[in-house]
Amino acid sequence: MTTTTVSRPAPFPFSAIVGQDEMKLALLIAAVDQSVGGVLVFGDRGTGKSTAVRALAALLPPMRAVAGCPYGCEPDKPAGLCEACRGVAKPKSVQVPVPVVDLPLGATEDRVVGALDLERALAHGVKAFEPGLLARAHRGFLYIDEVNLLEDHLVDLLLDVAASGENVVEREGLSVRHPARFVLVGSGNPEEGELRPQLLDRFGLSLEVRTPGDLKLRVEVVRRRDAYDRDPEAFSARFKAEESKVRRRIVAARERLPSVVVSDAALERAADLCMRLGTDGLRGELTLMRAARALAALDGDATVSDEHLKRVAPSALRHRLRRDPLDDTGSTTRVERALAELFAA
Amino acid sequence: MGDAGSRVWADAVLAAALCAIDPAGLGGVALRARAGPVRDRWVEALRAHLPEDAPVRTIPLHIADGRLLGGLDLAATLQSGRPVAERGVLSEVHGGIVLLAMAERVADATAARIAAALDRGELHVERDGLALRVPARFGVIAFDEGAEPDERPAAGLLDRLAFHVDLECVSMRDLEAASAVTADMAAARGRLPTVRASDAVVEALAATAMALGIASLRAVQFALRAARAAAALAGRTMVEEEDAVIAGRLVLAARATQLPVPEAEPAADQDTPAPAQTDEQDGTEQRDPLDRPLDDLVLEAAKAALPAALLAQLVAGQGQSSRGGAGGRAGALKQSRLRGRPTGTRRGEPRGGARLNVVETLRNAAPWQPLRRREQGRSGTAPRIDVRPEDFRVTRFKQRSQTTTIFVVDASGSSALHRLAEAKGAVELLLAQSYVRRDQVALIAFRGERAELLLPPTRSLVRAKRSLAGLPGGGGTPLASGLDAAAALADAVRRKGETPSVIVLTDGRANIARDGKPGRPQAEADVQSAARRFRVADVAAIVLDTSPRPQPQAEQLAREMGARYLPLPHADANALSAAIRAAAPRQP
């Protein structure tokens with residue numbers, strides 16, 4: 001494979017993003033518990049959607065992976081290993097950064113799922129699998145900007161892999177199957193087209209971002225962006241302490257996560273809320289619980305409280321509501337109303 | 001007012017100069033102008049300001065991804081025996097300018113690819129077995145030749161271009177009068193990185209953007225960069241008032257969505273000193289007494305530069321909705337425009353109507369020939385070209401979002417029979433038009449006890465005519481059932497990725513309830529709930545009042561459905577069809 005790299009400046013620091021608290025929180029939750037199932041950020045142009053996602057990449061603490069494994073298998077989890085790693089008795093492990101892989105518009109299918117290594121086929125007549133973006137994203141994040149503009153056949157493919165956690169490639173008589181579990185992060189502008197319902201449902205959390213209406217905030221956004229554009233390195237250095245604070249928060253939350261208690265009462269609340277809203281299937285309830293648990297872990301709490309549920313419910317449920325013929329209020333309002341009813345009762 | 005044209009021209013040339021100083025930082029210019037001498041002169045001016053070695057390329061309409069982004073250079077690859085990347089236009093223009101022809105017709109997908117490159121200053125390509133990241137910092141000149149006000153380049157792209165210039169009102173005579181910008185461009189470019197702007201400037205630009213109702217913060221960023229470029233052009237290293245004024249005029253004015261409200265309270269807001277935390281040297285040069293006036297100055301300049309047409313629109317209070325896309329209808333329109341367009345090929349078997357793309361298939365098979373020949377060599381005779389199923393590429397069809405027009409025709413006794421004949425005539429006419437456009441038509445009739453789908457979405461003229469001719473009239477009016485059927489069909493159409501639009505021909509007087517039982521009160525209650533349900537479905541719709549004299553019922557029905565109301569007393573088929581064409585969305 002031919003890879004050309006450009007030296008890129010440090011990304012815009014996550015903690016330097018002004019406002020957009022719901023978006024930042026959702027990304028942190030996904031970073032703490034990948035099983036929450038992805039984040040969809042829809043909103044106005046120029047609100048820093050992609051900036052936030054790219055910033056997250058720099059923030060994530062490194063993970064341990066099998067040395068030399070193209071999929072970055074997790075050494076301590078024998079069940080999730082790829083075929084090559086399964087054959088090794090005691091794989092050597094190394095620290096690697098958590099992959100945050102961009103799926104650029106115009107990507108072709110062979111680069112997404114992987115294909116034969118063209119160079120080796122041409123030069124040596126050898127059949128070798130060249131892993132694609134899905135392989136690179138394993139255990140990390142797959143980011144699709146303008147997700148609503150993604151070609152349908154790529155969307156189908158992503159849905160398939162996301163559902164099975166496995167990527168299967170058949171090419172030139174070569175059959176490759178490798179684990180591909182990743183957090184799907186999508187962003188887009190709703191004015192440019194809606195998302196297909198099947199894909200919408202794949203996202204655990206969904207949120208709407210708006211441009212801040214407050215002049216002071218707006219000035220601050222522009223000022224920081226400007227400072228960053230003029231000297232990315234110096235700007236990043238200014239937020240170094242903040243960034244490592246957020247990173248420590250993620251690490252601590254991950255450690256705490258398994259011990260966070262979800263009481264029966266909280267489970268009932270979640271179920272009740274989903275029933276009131278008439279969300280389809282169990283996915284909403286499950287996501288709500290997981291997100292609330294991750295939030296409790298982030299907050300350093302030992303149990304999931306009503307407060308946690310309230311804070312994550314809009315993101316976890318607003319894209320799962322059915323359109324009510326007699327009620328055309330926005331989905332966020334509906335979730336909030338149901339929350340108010342639930343907690344008043 | 002005679003010099004309006006020359007003023008616009010002077011600003012346009014100034015925008016060209018600023019863009020030439022910092023093309024990648026400013027994103028570029030959206031130039032609304034027909035092809036012609038004025039536009040050519042503007043491009044000349046731009047080129048004159050660019051460094052001599054700066055590449056300038058044109059992106060033709062309907063460019064393929066391979067040419068736009070890059071991909072595998074097949075000939076070179078086969079010759080050299082190793083993958084050779086072909087450069088796309090966007091990587092070739094690094095450090096220069098790309099001209100986007102007929103930007104208003106560029107597919108949203110293409111616009112989004114360009115926008116992504118603008119955002120990152122590099123091109124990220126994952127195509128044909130190649131993973132490339134190449135620097136691509138460039139400016140875009142989007143030629144917008146749209147004749148209609150709503151034919152505009154993709155909003156996502158426009159948002160990323162600092163200057164929106166409209167040359168429609170500029171004539172050749174205006175050009176004579178204008179003097180060219182003569183400045184040392186190289187020096188200005190060299191000076192740019194050192195140009196500083198005080199907090200007061202940032203605040204003034206942000207406040208102006210807010211006063212003009214500009215939501216995107218990119219606009220303020222561009223204004224700031226434009227002010228810097230203007231300062232650099234004028235030979236300064238500090239942004240002055242006049243630079244901020246230029247930025248307000250050139251960047252912010254064209255994006256206004258509202259007229260500034262005569263303000264009082266923001267002043268108080270500003271007085272509680274926020275600039276206390278100025279961290280850099282900026283503070284030393286801050287001119288406190290001028291803090292407020294600068295806001296006003298920039299705002300005044302921007303206001304003065306508001307294009308006349310926009311101004312009229314804003315005064316009428318339409319600016320917000322037409323640009324913000326707040327209305328559901330606008331969303332549906334956008335969506336429809338976006339889907340369409342051929343975008344090359346994809347892997348797949350030529351089955352189920354998919355057509356094999358022979359050239360692409362061979363292209364895909366080509367690099368693997370040596371490998372396959374070697375394998376085949378062992379087993380015996382090898383074909384000259386070994387094409388395997390995995391090479392198959394099928395053409396992805398142009399799915400210019402299809403419109404399916406659903407006619408819902410009241411065929412009851414109350415709707416006198418001759419109206420039915422007119423409706424039939426209109427449907428036939430529209431059908432003939434949509435046949436040309438490859439759009440579809442469906443027909444639902446309601447009479448007696450229920451609604452019936454007489455004609456599922458079709459392009460077949462013959463079928464449509466046959467089912468129309470057989471449409472009987474008379475009986476009760478189950479309007480609610482008709483609306484329900486229309487909503488269901490519209491939903492099905494939308495699920496197929498097409499854009500439904502519904503045309504209801506009725507007098508609005510229902511007398512059969514959903515369950516098929518007669519009785520006006522229940523029938524009307526049902527109509528109301530059906531209409532509301534319809535509105536939530538958010539389908540573009542028109543209610544054509546077919547009663548001899550316009551009826552309040554039909555008008556109310558239209559309101560409840562969120563539809564357009566058109567009374568059509570004594571319309572003939574031609575008038576009906578013309579009205580539908582005028583009112584329905586997206587009918588060219």
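What you are looking at is a predicted structure, and each value in this text was computed from that prediction instead of being measured. In what follows, every chain begins at residue 1, and chains take the letters A, B, ... in the order their sequences are listed.
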Note to self: I'd like to know which of B/Asp128, B/Thr77, B/Leu69, B/Leu205 tops the heavy-atom pair count under 4.5 Å against chain A.
What the structure shows: B/Asp128
Margin query: Less than 4.5 Å to any heavy atom of chain B: does that hold for the side chain of A/Leu150, its backbone, both, or neither?
Written below: neither
Margin query: Rounded at 0.5 Å granularity, tell me how far CG in B/Leu68 sits from CG in A/Leu105.
Written below: 11.0 Å
Next item on the list: Please state whether the side chain, the backbone, both or neither of A/Asp102 comes within less than 4.5 Å of a heavy atom of chain B.
Entry: both
Margin query: Nearest 0.5 Å, please: how far is CG in A/Asp229 from CD in B/Gln221?
Written below: 6.5 Å
Next item on the list: Please report the closest heavy-atom contact between B/Ala112 and A/Leu149, naming both atoms and the distance.
Entry: CB-CD1, 3.2 Å
Margin query: Is B/Ile214 close to chain A through its backbone or its side chain, or both, or neither, when contacts mean heavy atoms under 4.5 Å?
Written below: backbone
Note to self: Quick one, A/Arg218 and B/Leu217 - any side-chain contact, counting heavy atoms below 4.5 Å?
What the structure shows: yes
Check: Which region of A/Arg210, side chain (C-beta onward) or backbone (N, CA, C, O), has a non-hydrogen atom less than 4.5 Å from a non-hydrogen atom of chain B, or is it both or neither?
Finding: neither
Checklist line | Basic-acidic side-chain contact under 4.0 Å: B/Glu203, A/Arg223 | finding: yes
Check: Taking A/Arg225, A/Glu109, A/Arg230 one by one, which has the highest count of heavy-atom pairs under 4.5 Å against chain B?
Finding: A/Arg230
Checklist line | Rounded distance (nearest 0.5 Å) linking atom CZ of A/Arg54 with atom CG of B/Asp119 | finding: 7.5 Å
Note to self: Checking the side chain of A/Thr211 only, and the main-chain atoms of B/Ser216 only, is there a donor and an acceptor separated by less than 3.5 Å?
What the structure shows: no
Notebook entry, point to check: How many angstroms lie between CZ in B/Arg120 and CG in A/Asp145, if you round to the nearest 0.5 Å?
Noted result: 6.5 Å
Notebook entry, point to check: Taking every heavy-atom pair that is under 4.5 Å apart, which of A/Gly48, A/Ser50, A/Pro104 has the most such pairs with chain B?
Noted result: A/Pro104
Next item on the list: Could you go through the side chain to side chain contact (heavy atoms under 4.5 Å, CB included) check for B/Leu224 and A/Val222 one step at a time?
Entry: CA-CA 9 Å; B/Leu224 184 57; A/Val222 173; 4.1 Å; yes
Notebook entry, point to check: Minimum heavy-atom separation for A/Glu146 to B/Arg160, with atom names?
Noted result: OE2-NH2, 4.3 Å
Checklist line | More than 12 heavy atoms of other groups within 6.0 Å of A/Arg224 CZ | finding: yes
Next item on the list: Dump the intermediate steps for side chain to side chain contact (heavy atoms under 4.5 Å, CB included) on B/Glu126 and A/Val101, then the final yes or no.
Entry: CA-CA 11 Å; B/Glu126 299 279 352; A/Val101 176; over 6 Å; no
Next item on the list: Rounded to the nearest 0.5 Å, what's the gap from CG on B/Leu130 to CD on A/Glu130? Could you check?
Entry: 10.0 Å
Next item on the list: For A/Val219 and B/Ala206, work out which heavy atoms get closest and say how close.
Entry: CG2-CB, 3.5 Å
Check: In terms of heavy-atom proximity below 4.5 Å to chain A, should B/Ala215 be classed as side chain, backbone, both, or neither?
Finding: both
